[in-house]
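See below for the structure under consideration.
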Amino acid sequence: MTRQQVLDLYFIEARAKLIDLGAFLDRVERAAGEEDFRMTAFRAALGELSQGETSKARRVLLSFSDPTTEPIPAATTKAACGAWPGTK
Amino acid sequence: MRYIEPHGHMVSRTTDDYRDMAAAGCAAVCEPAFWAGYDRGSVHGFHDYFCQLTDYEPKRAAKFGLPHFCWLCINPKESEDVKLASEVIAIIPQFLERPNVLGIGEIGLNKNSRNEMKVLEMHVDLAARTNQLILVHTPHLEDKLKGTRLILDVLKADQRIRPERCIIDHVEEHTVQMVLDAGFWAGMTLYPESKCTAARAVDMVEMYSRERIWMNSACDWGVSVPLAVPYAALEMRRRGYSAEAIDKLIYQNPAQFLGQTPKFKLA
Ligand SMILES: [Zn+2]
């Protein structure tokens with residue numbers, strides 16, 4: 001596909017997702033109380049979108065990922081929450 | 001259009017879903033053993049589940065002319081209990097000769113714990129001893145990167161394992177390359193939120209590989225879409241792919257991998 005064809009197919013959809021993202025941030029910031037590590041990770045991931053030429057999806061995924069390499073001692077939950085608590 | 005659903009948890013879907021899949025061109029459905037949404041209390045629960053996967057479910061699919069295949073294991077979500085896992089792994093061989101069993105799966109990791117690793121190694125050993133194909137589940141969200149690396153390490157460390165006979169499922173943009181580079185097959189799961197969209201799956205095919213890769217719906221009791229594979233085919237058509245290129249990804253590729261066991265026969 002040419003760049004024009006990509007825009008024709010996906011621009012409106014991506015625009016809608018971007019507005020949704022803005023509304024989500026507004027909603028979080030409007031709410032009372034503290035944020036947690038998930039928003040720290042989210043803001044770090046947002047930064048990946050405006051950096052570099054390629055692999056933005058990959059870099060967003062990497063920025064949410066647990067970077068450690070050793071197995072944990074035991075699984076105390078079955079669920080994943082989408083962000084790594086150690087994100088600075 | 002014809003397609004293969006290589007990963008669908010049909011026991012948690014309705015018979016209407018079988019009908020819709022058959023009507024959309026599904027030529028075969030393959031069902032990896034999965035977590036029930038609660039921990040099964042004993043090995044007997046798994047025995048009954050394996051009977052369901054190898055006896056009842058193929059009959060339900062056959063009503064719509066749909067061949068049904070399955071994979072057997074204890075799911076990583078239940079692998080923290082190594083004693084139970086050992087008991088379950090011990091009964092799997094009695095089911096391996098059943099005509100619709102394709103191999104061992106979906107094994108892998110969930111939270112990347114030491115016990116999950118032990119149980120993964122036990123499954124890999126079983127598959128190697130019995131010369132079975134392997135289907136691997138990689139962890140969710142923040143755990144996927146680390147889990148995929150650990151899983152590849154386990155598989156590569158066992159000299160009996162041939163990567164072309166293993167599919168590493170649920171890859172995303174940060175894991176697909178390492179899976180393909182190591183010679184394994186890669187599965188992309190089309191979930192609305194937690195895995196990847198049809199557009200991203202087609203992007204990965206364009207960026208990484210058209211070989212050794214498939215798409216699946218992994219439909220189960222959670223938010224998932226049984227017709228996700230044909231919808232992804234529509235996404236490819238929107239981008240101008242030929243019918244032949246679409247057929248390769250949604251039919252020929254899975255048929256090539258699954259055809260490594262003689263049990264995988266299409267009507
Ligand atoms: Zn699954």
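Throughout, protein chains are lettered first and strands after them, A, B, ... in sequence-line order, and every chain is numbered starting at 1.
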Less than 4.5 Å to any heavy atom of chain B: does that hold for the side chain of A:Gln5, its backbone, both, or neither? neither
Applying a heavy-atom distance below 4.5 Å, give me the residues of residues 12-47 of chain A that approach chain B, sorted by number. A:Glu13
Which residue pairs satisfy the salt bridge (charged side-chain N to carboxylate O under 4.0 Å, His left out) criterion with at least one member in residues 134-149 of chain B, sequence neighbours excluded? A:Asp66-B:Lys146, B:Lys111-B:Asp143
If the condition is ring-ring contact (aromatic ring centres under 6.0 Å, His included), which residues does B:Phe34 pass it with, not counting sequence neighbours? B:His9, B:Trp221
What do you reckon, is CZ of B:Arg160 surrounded by more than 12 foreign heavy atoms closer than 6.0 Å? yes
Starting at NE2 of B:His174, measure out to OG of A:Ser55 and round the result to the nearest 0.5 Å. 13.0 Å
Name the option with the most non-hydrogen atom pairs under 4.5 Å to chain A; the candidates are B:Glu206, B:Glu80, B:Arg200. B:Glu80
Go through A:Ile72, A:Thr69, A:Thr68 and name the one with the most non-hydrogen pairs under 4.5 angstrom from chain B. A:Ile72
Quick one: of B:Met117, B:Gln177, B:Glu173, B:Glu78, who has the most non-hydrogen atom pairs under 4.5 Å with chain A? B:Glu173
Within residues 76-84 of chain A, the residues sitting under 4.5 Å from chain B by heavy atom, in sequence order, are A:Thr77, A:Lys78, A:Ala79, A:Ala80, A:Cys81, A:Gly82, A:Ala83, A:Trp84
More than 12 heavy atoms of other residues, nucleotides or ligands under 6.0 Å from OH of B:Tyr49: yes or no? yes
Determine, step by step, whether B:Leu145 and A:Leu61 satisfy the side chain to side chain contact (heavy atoms under 4.5 Å, CB included) criterion, reporting the C-alpha distance in whole Å, the side-chain angles of both residues, the deciding distance to 0.1 Å, and the verdict. CA-CA 9 Å; B:Leu145 176 73; A:Leu61 284 160; over 6 Å; no
Among B:Leu109, B:Asp39, B:Asp153, which has the most heavy-atom pairs under 4.5 Å with chain A? B:Asp39
Report the C-alpha separation of A:Tyr10 and B:Arg238 in whole Å, then their side-chain angles, then the decisive distance to 0.1 Å, and conclude whether the side chain to side chain contact (heavy atoms under 4.5 Å, CB included) test is met. CA-CA 11 Å; A:Tyr10 293 107; B:Arg238 285 205 317 154; 3.8 Å; yes
How close do A:Pro71 and B:Ser113 get, counting heavy atoms only, and between which atoms? CB-C, 4.0 Å
